[in-house]
Protein chains: 2
Amino acid sequence: MQTYIADIAAHVGQQVTLRGWLHNRRSSGKIHFLIVRDGSGFIQAVVSKAAVGDEAFGRADHLSQETSLSVTGTVRADTRAKGGYELDVHTFEVHGDSHDYPITPKEHGVDYLMDRRHLWIRAERQAAILRVRHEVINAVRDYFNGRGFILCDTPIFTPAACEGTTTLFPVQYFDDTTAYLTQSGQLYNEANAMALGKVYCFGPTFRAEKSKTRRHLTEFWMVEPEMAYAGLDDIIELAEGLLTSVVARVLDTRKAELAVLERDTSKLEAVTGHFPRLRYDEAAKILQDKGLPFQYGTDLGGTDETVLSEQFDKPLCVTHYPSDIKAFYMKPDPERPEQALCVDVLAPEGYGEIIGGGVRLDDYDLLLERIKAHDLPQDAFEWYLDLRRYGTVPHGGFGMGIERCVAWICKLDHVRETIPYPRMLYRLYP
Amino acid sequence: MQTYIADIAAHVGQQVTLRGWLHNRRSSGKIHFLIVRDGSGFIQAVVSKAAVGDEAFGRADHLSQETSLSVTGTVRADTRAKGGYELDVHTFEVHGDSHDYPITPKEHGVDYLMDRRHLWIRAERQAAILRVRHEVINAVRDYFNGRGFILCDTPIFTPAACEGTTTLFPVQYFDDTTAYLTQSGQLYNEANAMALGKVYCFGPTFRAEKSKTRRHLTEFWMVEPEMAYAGLDDIIELAEGLLTSVVARVLDTRKAELAVLERDTSKLEAVTGHFPRLRYDEAAKILQDKGLPFQYGTDLGGTDETVLSEQFDKPLCVTHYPSDIKAFYMKPDPERPEQALCVDVLAPEGYGEIIGGGVRLDDYDLLLERIKAHDLPQDAFEWYLDLRRYGTVPHGGFGMGIERCVAWICKLDHVRETIPYPRMLYRLYP
């Protein structure tokens, strides 16, 4: 019967058997200290000659990093121990050797580690990030499920190149057909919202980005809620609620992981209540007043987003971008049609956009006009136009990139560590 | 302020505003009955001339199917009403017209409906299936999350054609590289289990199947748990726990949807406790005794699975298939090496395999031998071999196809209705 290190507190004074791997080892000569990990946590196992006998004591001195082993012993609370508990070992059994494990406690380069990602994820820091990712994803799902949203998976194979082909991955779909890997489930989400009211999709999305930046992956996960009968305020409030809920959950349940990552949690604790809002016009003025070379009418660049978000402790909502730089399906503000009813949420601490969304164009004639003006193939959009033909309603939603969100919450330099097997321009292995 | 039909019970005697679509309409001359849907449910809204006035009463008589509208009125409990409540309408407002809605209450062919899937999902039956799908997926996630499993997304783009290229979708991955869309996250899951102990992945998987059957999609969702330090009994118990938990959840929370689908729930209520188990040898004997043309040593066919599963009220676990017909990574039974430590779970009522899994080969030398015997490119498997080089442990898991599971729980003839936008051999639109 295996006990997990995560549950060790319930077994103080009892004999348990842990099954895991040797993470590290040191010795005082008379006692060997084995740091054992089992995936759920780390614990120090204390091996003394008196307890295990000469032969086993000698073997323990030669165990190498990542040897797999079962360790049986008595759990002891120890306030000095990392995690608060130690194991006094009675016996141990080796399952698999590990010679010359390639990732040692010394420093390795990122490419070296990425080539060994299947092993690198065993490291304390990487495992902590993946546990935070797990928690973020579950918090996102719980948030939407708890508010009556229905998960409605949108297809990965899509029939048409909707927004230009430069960043699309084409796939030959039997015989003569070409499919494209989805970049967003939004158009389908809109149809789903007309059927189920409040929906979300949550799956991998793909961008054939040839740029190498710290914020781009070719394959990344995105959650996209969509609501029928929603306006811009509803969308912003949903985004505020989502981020505060996700951050609170990670703070609540992943303290140990944030400590491993040396995350300054006071920055996260500030993420509550309503977020500051700036219209694009106001944002532009701030950037120009600061002397940045920002040109009114263009999209915010990475630096612009960083400068703006650094003005605030909380995520920042930037609204009403020029319609010209937003997607064809964005609804214009009736009061200023040259601006869109849209919102980008910029994460604090310079992390830039993590959420983008808005109100969708619900007028058939105007949408058709836009499709033509954008030189999009009308045929491919007939089904999408149907949503305006048959009982159109005001509606909207947003998309949140999970990797960017995790990078911010963990305060990482690069999104590549936020997913088990990142896919980038020159990275398809392992 | 919008009230959802799903929450209507809390508003009896109150005035509320519903926002939705006109599903259907009938009239007694003096009273119009509008069946309104808002995505969360259906309700009958009663329009009388006395309450709304002549002009509105006249308009209500001309509302067409799928017109979008807001309806304000008083909620009344009525045991005769479907759902138990009706709305006495005070006013209503039309948002969007709907002329000649293409899906009428009359019968349509499947191809016709599939071409209009973006509208078809508004139908009561289709929406009910999608809500069951939502519940199944959430029950699956809750099951694993509640047992200490960490969600660990495995990549969609994979570098090597691992199990033959005939059913793989290749994608040009920049310049000269070819990536393949994943068919299973399992190999990566194994690496993740060595890092995090108990893990699962849950995402879309792809099969370029040229066959048209009622059980195949080219794009389908699969959940795959993997456990370090697990044997065949652990895997079977995990599968039993998963299925009983999922079925219980749907029975508990989706009664209304199962009623819409006219599902015989007594069949689902039988899915509890431990499941019957048959070794492949025993299964073969049953089939041969029944006079089926089953050849010992071959895989079970669809008919074989149907016949076997019909012998039992519960899902059936078939174990110990011949190693030769299972994947290269399956661990042989030490007591009968020609058989694999594997399990397929066949759903009752003739639905066939919904779960497949087993113990993985954890011995380096034997795995390498198998990779060579299967003519697989050793280079591409070096990282996978690393898992046996550095602290190998007994481990295993399984995969469950969501669409097949939903088809069984809803008792559908074809998996194509279990996913919002099915992708099949000749189906990529909408």
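Here is the naming used below: chain letters follow the sequence lines, and residue numbers restart at 1 for every chain. Side-chain atoms are counted along with the backbone in the values below, which use heavy atoms only and exclude waters and symmetry mates.
Neither the backbone nor the side chain of A:Ser64 comes within less than 4.5 Å of any heavy atom in chain B. Residue contact with chain B, scored on non-hydrogen atoms closer than 4.5 Å, involves the backbone of A:Glu209 exclusively. In this structure, no portion of A:Pro422 lies under 4.5 Å from any heavy atom of chain B. With a 4.5 angstrom heavy-atom cutoff, A:Pro204 touches chain B only via side-chain atoms. The contact between A:Asp97 and chain B is made entirely by backbone atoms, counting heavy-atom distances below 4.5 Å. Looking at B:Arg116, neither its backbone nor its side chain comes within 4.5 Å of chain A, counting heavy atoms on both sides. Heavy-atom distances place the side chain of B:Tyr200, and not its backbone, under 4.5 Å from chain A. Proximity to chain B (any heavy atom under 4.5 Å) is restricted, for A:Leu181, to the side chain, taken from C-beta onward. With a 4.5 angstrom heavy-atom cutoff, B:Ala123 does not touch chain A via any of its atoms.
Between B:Gln172 and A:Phe169, the closest side-chain pair of non-hydrogen atoms is not below 4.5 Å. Residues B:Arg389 and A:Tyr101 fail the side-chain proximity criterion, which asks for heavy atoms closer than 4.5 Å. Side-chain contact between A:Arg427 and B:Pro159 is absent, with no heavy atoms from C-beta onward closer than 4.5 Å. Considering only heavy atoms from C-beta on, B:Tyr384 stays 4.5 Å or farther from A:His118 through its side chain. A:Leu130 has its side chain within reach of B:Cys152: a pair of non-hydrogen atoms, C-beta onward, lies under 4.5 Å apart. Side-chain contact between A:Trp21 and B:Met194 is present, with at least one heavy-atom pair separated by less than 4.5 Å.
Ranked by non-hydrogen atom pairs under 4.5 Å with chain B, the options A:Arg141, A:Arg388, A:Arg117, A:Lys210 are led by A:Arg141. For the set A:Arg19, A:Gln65, A:Arg131, the count of heavy-atom pairs under 4.5 angstrom toward chain B peaks at A:Arg19. Chain B forms more heavy-atom pairs under 4.5 Å with one residue of A:Asn192, A:Asp363, A:Thr177, A:Asp7 than with any other, namely A:Asn192. For the set B:Ile137, B:Asp386, B:Val171, the count of heavy-atom pairs under 4.5 angstrom toward chain A peaks at B:Asp386. Between chain B and the options A:Ala195, A:Ser68, A:Gly391, heavy-atom pairs under 4.5 Å are most frequent for A:Gly391. With respect to chain B, the highest number of heavy-atom pairs below 4.5 Å among A:Leu119, A:Val199, A:Val94, A:Asp362 belongs to A:Leu119. Note: B:Asn145 leads B:Asp38, B:Thr67, B:Asn145, B:Asp100 in heavy-atom pairs under 4.5 Å with chain A. For the set A:Gly203, A:Gly197, A:Ala228, A:Pro430, the count of heavy-atom pairs under 4.5 angstrom toward chain B peaks at A:Pro430. No other option in B:Glu190, B:Lys198, B:Gln2 has as many heavy-atom pairs under 4.5 Å with chain A as B:Lys198. Options B:Asp142, B:Asp175, B:Val393 differ in how many heavy-atom pairs under 4.5 Å they form with chain A, and the most are formed by B:Val393. With respect to chain A, the highest number of heavy-atom pairs below 4.5 Å among B:Ala127, B:Ala6, B:Ala208 belongs to B:Ala208.
The aromatic ring centroids of A:Tyr390 and B:Trp120 lie 6.0 Å or more from each other. When ring centroids are compared, B:Phe206 and A:Phe157 come within the 6.0 Å threshold. Ring to ring, B:Phe174 and A:Tyr426 are not that close: their centroids are 6.0 angstrom or more apart.
Contact check on B:Arg133 versus A:Asp153 returns a salt bridge, with a Lys/Arg side-chain nitrogen under 4.0 Å from an Asp/Glu carboxylate oxygen.
Summarising the geometry, atom NE2 belonging to B:His134 is positioned 12.5 Å from atom CZ belonging to A:Phe144; distances are rounded to the nearest 0.5 Å. Rounding to the nearest 0.5 Å gives a distance of 5.5 Å between CD1 of A:Ile156 and CH2 of B:Trp221. Here A:Leu196 contributes atom CG and B:Ile121 contributes atom CD1; the two are 6.5 Å apart, rounded to the nearest 0.5 Å. From B:Tyr188, atom OH reaches atom OH of A:Tyr421 across 7.5 Å, with rounding to the nearest 0.5 Å. One finds the CG atom of A:Leu387 at 6.5 Å from the CZ atom of B:Arg122 (value rounded to the nearest 0.5 Å). With values rounded to the nearest 0.5 angstrom, A:Thr178 atom OG1 is found 9.5 Å from B:Leu428 atom CG.
Between A:Pro155 and B:Arg423, the shortest heavy-atom distance links the atoms CG-NH2, 3.3 Å. When all heavy atoms of A:Glu219 and B:Thr154 are compared, the pair lying nearest together is OE2-O, 4.3 Å.
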Kindly determine whether A:Trp383 and B:Asp115 satisfy side chain to side chain contact (heavy atoms under 4.5 Å, CB included), including the steps that lead there.
CA-CA 9 Å; A:Trp383 72 265; B:Asp115 285 342; over 6 Å; no
Dump the intermediate steps for ring-ring contact (aromatic ring centres under 6.0 Å, His included) on B:His95 and A:Tyr229, then the final yes or no.
CA-CA 10 Å; B:His95 298 292; A:Tyr229 290 101; 5.1 Å; yes
